[in-house]
Amino acid sequence: MKIILLGAPGAGKGTVAKRLTEFDGSVQISTGDILRGAVQAGSELGQQANAFMKAGNLVPDELIMGIMGDRLQEPDCKNGFLLDGFPRTIPQAEALKTLLSELGIELDKAINLDVPRDVILDRLTTRRTCENSSCQAIYNIKSSPTKVDGICDKCGSKVIQREDETEQAISQRLATYQEKTAPLANFYESEGLLVNIGAGSTDEVLAAICEAVAAAPA
Ligand code: ADP
Ligand code: ZN
């Protein structure tokens with residue numbers, strides 16, 4: 001499937017995207033994961049992105065489009081892709097539209113995970129992420145804890161609270177989301193691609209997405 005996952009930080013985009021990759025070989029492309037990997041590696045991209053991310057602000061559109069222009073042309077995208085955390089602004093959505101039409105790729109749907117603010121706040125403060133940049137598995141100390149306290153089930157690395165998951169950075173991220181990203185729902189509505197999905201368990205959300213893109217869970 002070729003889909004965009006929209007939704008506030010904490011809406012469940014990453015969790016859902018990781019599960020969807022198990023269904024049909026589509027790859028998860030998370031700009032947040034790519035950027036955190038670059039910060040950890042200390043690459044030039046990482047150095048440019050670091051301060052924006054720490055403060056809960058968006059990384060400039062040009063940097064993001066540079067990453068995604070390359071990423072979407074890699075061969076593993078042929079089987080489908082799940083865009084998680086991208087596009088995040090109207091200019092990114094416009095640029096993506098141009099890019100996809102140049103590449104001859106058609107999107108199936110833009111899935112908007114519509115989760116109430118109190119649920120989001122609770123999830124973000126209890127979220128933990130594997131610090132290994134090639135894993136970045138997501139846990140939650142309440143709803144999906146690691147088997148061994150503080151250790152990733154998948155790779156054995158340390159599981160940590162992200163630097164942008166302090167209360168202050170979280171409220172900045174939510175404000176940025178409202179201002180810059182929430183308008184994308186209207187954008188994709190007018191493109192005829194929008195599907196809204198309300199809060200539910202991960203399995204319920206997965207089932208609703210599969211129904212929307214007419215894909216059978218494996
Ligand atoms: P979340 O969706 O939980 O906020 P992400 O992992 O998607 O977290 O992103 C973390 C940070 O990376 C964002 O706060 C932002 O600084 C940066 N970022 C990720 N994707 C984008 C994007 N498409 N455009 C601009 N900045 C981005
Ligand atoms: Zn891990």
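In this chain, numbering begins with 1 at the start of the sequence shown. In each ligand, atom 1 is the first atom listed, and ligand 1 is the first ligand listed.
Atom 9 (O) of ligand 1 has R88 NH2, 3.1 Å as its closest protein atom, hydrogens excluded (heavy atom only). The nearest heavy-atom contact from the protein to atom 8 (O) of ligand 1 is R162 NH2, 3.2 Å. Scanning the protein for heavy atoms near atom 20 (N) of ligand 1, the closest one is T31 OG1, 2.7 Å. The protein heavy-atom contact nearest to atom 16 (O) of ligand 1 is N57 O, 2.5 Å. When hydrogens are left out, the protein atom nearest atom 12 (O) of ligand 1 is M53 CE, 3.5 Å; that is the closest non-hydrogen contact. Nearest protein heavy-atom neighbour of atom 26 (N) of ligand 1: V59 N, 3.0 Å. The shortest contact between atom 6 (O) of ligand 1 and any protein heavy atom is with R36 NH1, 2.8 Å.
Residue contacts with ligand 1, taken as heavy atom pairs separated by less than 4.0 Å, do not involve T89 at all. For L58, heavy-atom contacts with ligand 1 shorter than 4.0 Å involve the backbone as well as the side chain.
The shell of residues lying under 4.0 angstrom from ligand 1, judged by heavy atoms, excludes M68. Residue R127 places a heavy atom under 4.0 Å from ligand 1.
The contact set between ligand 1 and G32, taken as ligand atoms under 4.0 Å from a residue heavy atom, comprises 5 (P), 6 (O), 9 (O), 19 (C), 20 (N).
R117 is listed as a side-chain neighbour of L174, based on a closest heavy-atom distance under 4.5 Å. Counting heavy atoms from C-beta on, the side chains of L83 and K2 never come closer than 4.5 Å.
Hydrophobic cluster membership differs between L58 and M65, with clusters built from Ile, Leu, Val, Met, Phe, Trp and Tyr side chains linked at under 4.5 angstrom. Placement of I138 and M53 in two distinct hydrophobic clusters is found when ILVMFWY residues are connected by side-chain heavy-atom separations under 4.5 Å, directly or transitively.
Between Q92, M65, E165, R173, it is R173 that holds the heavy atom closest to atom 1 (P) of ligand 1. When the heavy atoms of D84, I120, I64, L124 are ranked by distance to atom 22 (C) of ligand 1, first place goes to I64. Comparing heavy-atom distances from atom 18 (N) of ligand 1 across L96, I67, L35 singles out L35 as nearest.
For D61 and R88, the salt-bridge test fails: no basic side-chain N is under 4.0 Å from an acidic carboxylate O.
Of all non-hydrogen atoms in L5 and A17, the two that sit nearest each other are CD1-CB, 3.7 Å. A pairwise comparison of heavy atoms in I151 and G156 identifies CG2-O, 3.6 Å as the closest pair.
Between D33 and ligand 1, not a single N/O pair is under 3.5 Å apart. Between S30 and ligand 1, no N or O atom pair is found at a separation short of 3.5 Å. Of the polar atoms of P87, none of the N or O atoms is found under 3.5 Å from an N or O of ligand 1, judged by distance alone.
Between M1 and the choices N79, L107, L82, the side-chain contact (heavy atoms from CB on, under 4.5 Å) rule is met once, by L82.
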